[in-house]
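Here is the structure we will look at, set down as structure tokens.
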Amino acid sequence: MPATALLRHGGSAVNDHEVLPLLDQIGHVVSEAITRARPELAGSDPVVRRSDRADFQSNAALALARRLRVQPADLAADLVADLAPALDPARGPVAAVERSGPGFLNITLAEHAVWAQVAARLASPRLGVGTPERGRRTVIDYSAPNIAKEMHVGHLRTTVIGDSLARVLDLLGAEVVRQNHLGDWGTQFGMLIQYLDEHPEISWRQADLAGDVSAVSALDQLYRSARAAFDADPAFADRSRARVVALQSGEPATLARWAEIVAESEKAFRAVYDRLGVLLTPEDSVGESSYNPVLAATASELVDAGIAVDSAGALVIFSEEVTGPEGAPVPLMLRKRDGGYGYDTTDLATIRHRLRDLKAHRLLYVTDARQALHFRLVFEAARRAGWLTDDAEATHVAYGTVLDRDGRPFRTRAGGAVRLTDLLDAAVARARAVVADRDHGLSPAELDQIAERAGIGAVKYADLSTSRVRDYVFDLDRMVSFTGNTGVYLQYAHTRIRSILRRAGDSHPEVDPELPMEREERALALALDGFGATLIEVSRTLEPHRLCGYLYDLARAFTAFYEVCPVLGSAEPVRGNRLALCQLTARTLSRGLGLLGIAAPERM
RNA sequence: GCGCUCGUAGCUCAACGGAUAGAGCACUUGACUACGGAUCAAGAGGUUGCAGGUUCGAGUCCUGCCGAGCGCGCCA
């Protein structure tokens, strides 16, 4: 097939794939047959899918027969006839086509085409994955912990899912802009700053604390004390309110203390991000406070546009689409009766900034599903204001709640939020026990490192591997299991393959495309060929669990191959082809896990 | 009251509108001194919450019910 045909086919962009998947190659072949058989149907979807009865099947005849008022079986027969010229076993990818059932076309691939695909992907540093998202500026809003508060289980999903999407979209060529919308503003800081001021003897800065206590941990405690004092002591409450005013009006000493609290908190967040292996950096932090200077302008712009109106002394935007109780339109609270601004206004200023200043084409908000209505209102307002146009897309990437084994929201016994570090510690401890149980001659230091990677990976994988919008049950025993659809299983699969490759010694296996293929080799090769298409699915649906499912299927396809196809015990040239499959599988698993933000250790 | 989301094997979860709804765990019966036991083979397990509709074809789309969770102005 000429290079241009590899690069362009029915309707897809040129850079969808660096190495055109066989499924798309077959789609191209079937499309040409459709055009030959029925010119009026040129451009129709060839409807090529994986099949359990052949390598691929095309359902095009079934889909198109109605338009022609013919029997699907008859159209299928015509397509078989028109595919005949493509059946050049020496050159094309198709070895055989047959009609089946009411009008399916079962398509068998030429073995050399499958081997050639393995060789092509192996030769590519990016495994043949293209850049279909190239040039698309995509803002991903995720993580968003609160300053002076511990990160807890509620931050897990947004951080893990957002980070994975950032990695996938980046690989696909998108211009990813990560935004950590820190909760760094609000009246609670008045209370906290006042309390710190009145208790200068208390140490809370990272440098003044004992080893494993973080500044946010200390601040979180101090906030509770401040809250108690606020409730118990009216005088302190008054001083705290005055402090809020000082903060909002930019009084230098108060502002400096606030900035220090923010900086100390960010240090603690960074430690958690490092441990989790999350991409977020200080440069990605654009907290709520950043929008303070433009809140008034944002509000007045919406008033001028006639969108925002007065209601009972407050400034609101009434939805034209959604109603609340008693059929009244649901409002966004733009300015409270006391003149203050809330998160509705901040989010409006934020979306304005991202569309107007950052010139984003796609906005992703990775937050809890419970905020669905809020984002619907924000997007509606942004559309009415003319900020969000048809050139851009805003999506609330919603996710479900983390539940305990009894199906209730995951909390401590006392009913509080579970600290993220405690959660990770527990997972690492559990992973350590499971890995030590295998005993592959690891030193204690290696064991520690592997337990950390396995435990963190297990938590992240468990979070990513089920449908995003559904709630999921946090079950440590299941997530660190070496069997089933777990991160540990995939990491282990990777180490096993790496072990084979180390023993083989040959890091540049040659693929001989003329060799016959075992059934399991073919199944594995076809699985490997689907990597890029899976990533495109993830970018389209924003559902990382599709990548997890793909990697799990890939690992199982490898297992089946490994059962029946000796690698090291085979002579060349069979050995070379099988080593190529091993190497491509290892690289695909490693890259895939990397896109989930999970390490792929060499041993475990 | 209105709205959003979810409902699939005993359990945890999959399934771009395609043929016989798939995995893992648990269960039953067998096999192998192992390229790292991530065991392998076979079996059992389902009216995809219920009822209609669209379609050549529906777990998937539409409508209505049932059930669960969540949300609906001055907290984010």
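Each chain gets a letter, A, B and so on, in the order the sequences are listed, and its residues count up from 1.
Straight-line distance from the CZ atom of A/Arg376 to the C1' atom of B/rG73: 17 Å, rounded to whole Å. Look at CD on A/Glu326: it is 15 Å from P on B/rG3, rounded to the nearest Å. Rounding to whole angstrom units, CG of residue A/Asn106 and P of B/rG18 are separated by 16 Å. The OH atom of A/Tyr472 sits 17 Å away from the C1' atom of B/rA14 (whole-angstrom rounding). As a whole-Å value, the separation of A/Asn485 CG from B/rC25 P is 11 Å. One interatomic measurement links the two molecules: CG of A/Leu315 to P of B/rG73, which rounds to 17 Å at whole-angstrom precision. A/Asp477 has its CG atom 19 Å from the P atom of B/rC11, to the nearest Å. Counting to the nearest Å, the P atom of B/rC74 and the CG atom of A/Leu332 are 12 Å from each other.
Residue A/Ala314 is in base contact, counting any heavy-atom pair closer than 4.0 Å across all strands shown. A/Ser465 comes within contact range of no nucleotide atom at all, as no heavy-atom separation falls under 4.0 Å. Residue-level contact check: A/Ser499 touches the bases, meaning some heavy atom is under 4.0 Å from a base atom. Nucleic acid contact for A/Thr559: base, since at least one base atom lies under 4.0 Å from a heavy atom of the residue. Heavy atoms of A/His545 sit under 4.0 angstrom from primed sugar atoms or phosphate atoms, though from no base atom. Within the 4.0 angstrom heavy-atom criterion, only backbone atoms of the sugar-phosphate kind lie near A/Leu373; the bases stay farther away. Residue-level contact check: A/Cys548 touches neither bases nor backbone, having no heavy atom under 4.0 Å from any strand. Looking at heavy-atom distances under 4.0 Å, A/Arg370 makes contact with sugar-phosphate atoms alone, never a base. Within 4.0 Å of A/Ser570, counting heavy atoms only, lies no atom of the nucleic acid at all. Here A/Val567 lies in heavy-atom contact (under 4.0 Å) with a base. Here A/Tyr552 lies in heavy-atom contact (under 4.0 Å) with sugar-phosphate atoms only. Among the protein residues, A/Pro331 comes within range of the nucleic acid bases, having at least one heavy atom under 4.0 Å from a base atom. Within the nucleic acid shown, A/Met604 comes within 4.0 Å of at least one base atom, counting heavy atoms only.
Ring to ring, A/Tyr489 and A/His494 are not that close: their centroids are 6.0 angstrom or more apart. A distance below 6.0 Å separates the ring centres of A/Tyr365 and A/Phe375.
Minimum atom distance to the side chain of A/Ala63 is reached by B/rG18, of the listed B/rA38, B/rA76, B/rG18. Checking B/rA38, B/rC6, B/rU12 against every side-chain atom of A/Phe558, the shortest atom distance belongs to B/rA38.
If you take atom P in B/rC6 and the same atom in B/rA15, they sit 12 Å apart, rounded to whole Å. Separation of the C1' atoms belonging to B/rU8 and B/rG59 is 7 Å when rounded to the nearest angstrom. Nucleotides B/rU20 and B/rG57 have their C1' atoms positioned 14 Å apart, rounded to a whole Å. Look at the C1' atom in both B/rC50 and B/rA58: the space between them is 16 Å, to the nearest Å. Nucleotides B/rU5 and B/rU63, compared at atom P, are 11 Å apart to the nearest Å. Comparing the C1' positions of B/rA23 and B/rA38 gives an interatomic distance of 15 Å, to the nearest angstrom. Rounded to whole Å, the separation between the C1' atoms of B/rG64 and B/rG45 comes to 32 Å. B/rG46 and B/rG22 are spaced 12 Å apart, taking the C1' atom of each and rounding to whole Å.
Using a 4.0 Å cut-off between a side-chain N of Lys or Arg and a carboxylate O of Asp or Glu, A/Arg38 and A/Asp78 qualify as a salt bridge. With salt bridges taken as basic N to acidic carboxylate O contacts below 4.0 Å, one links A/Arg556 and A/Asp553. A/Arg430 and A/Asp477 are joined by a salt bridge, as a carboxylate oxygen and a charged side-chain nitrogen come within less than 4.0 angstrom of each other.
By the criterion of a centre-to-centre distance under 5.5 Å and near-parallel planes under 30°, the ring of A/Phe482 forms no stack with the base of B/rA38. We find that the ring of A/Tyr343 and the base of B/rC75 do not stack by the test of centres under 5.5 angstrom and planes tilted less than 30°.
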Dump the intermediate steps for side-chain hydrogen bond (donor to acceptor under 3.5 Å, both in side chains) on A/Ser467 and A/Glu543, then the final yes or no. CA-CA 7 Å; A/Ser467 292; A/Glu543 292 178 338; 5.9 Å; no
Ring pair (Phe, Tyr, Trp, His ring centres under 6.0 Å) for A/His374 and A/Tyr343? Distances and angles first, verdict last. CA-CA 10 Å; A/His374 169 69; A/Tyr343 65 93; 5.1 Å; yes
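Across every strand in view, B/rG45 sits unpaired, with no contact that passes the Watson-Crick or G-U test at under 3.5 angstrom. If you check B/rG3 for Watson-Crick or wobble pairing at under 3.5 angstrom, you find it paired to B/rC70. Nucleotide B/rA31 forms a Watson-Crick or G-U wobble pair with B/rU39, both donor-acceptor distances falling under 3.5 Å. Base-pair partner of B/rG18: B/rC56 (Watson-Crick or G-U wobble, both distances under 3.5 Å). Judged by Watson-Crick or G-U wobble contacts below 3.5 Å, the nucleotide B/rA26 has no partner.
Nucleotide B/rG73 carries a syn base; the chi torsion (O4'-C1'-N9-C4 or O4'-C1'-N1-C2) is within 90° of 0.
For A/Phe104 and A/Val322, each mapped to the nucleotide of RNA chain B holding its nearest heavy atom, the one lying further toward the 5' end belongs to A/Val322. A residue-by-residue look at A/Ile500 and A/Arg53 shows that A/Arg53 has its nearest nucleotide of RNA chain B further toward the 5' end.
Side-chain polar atoms of A/His155 and A/Asn146 form no donor-acceptor pair below 3.5 angstrom.
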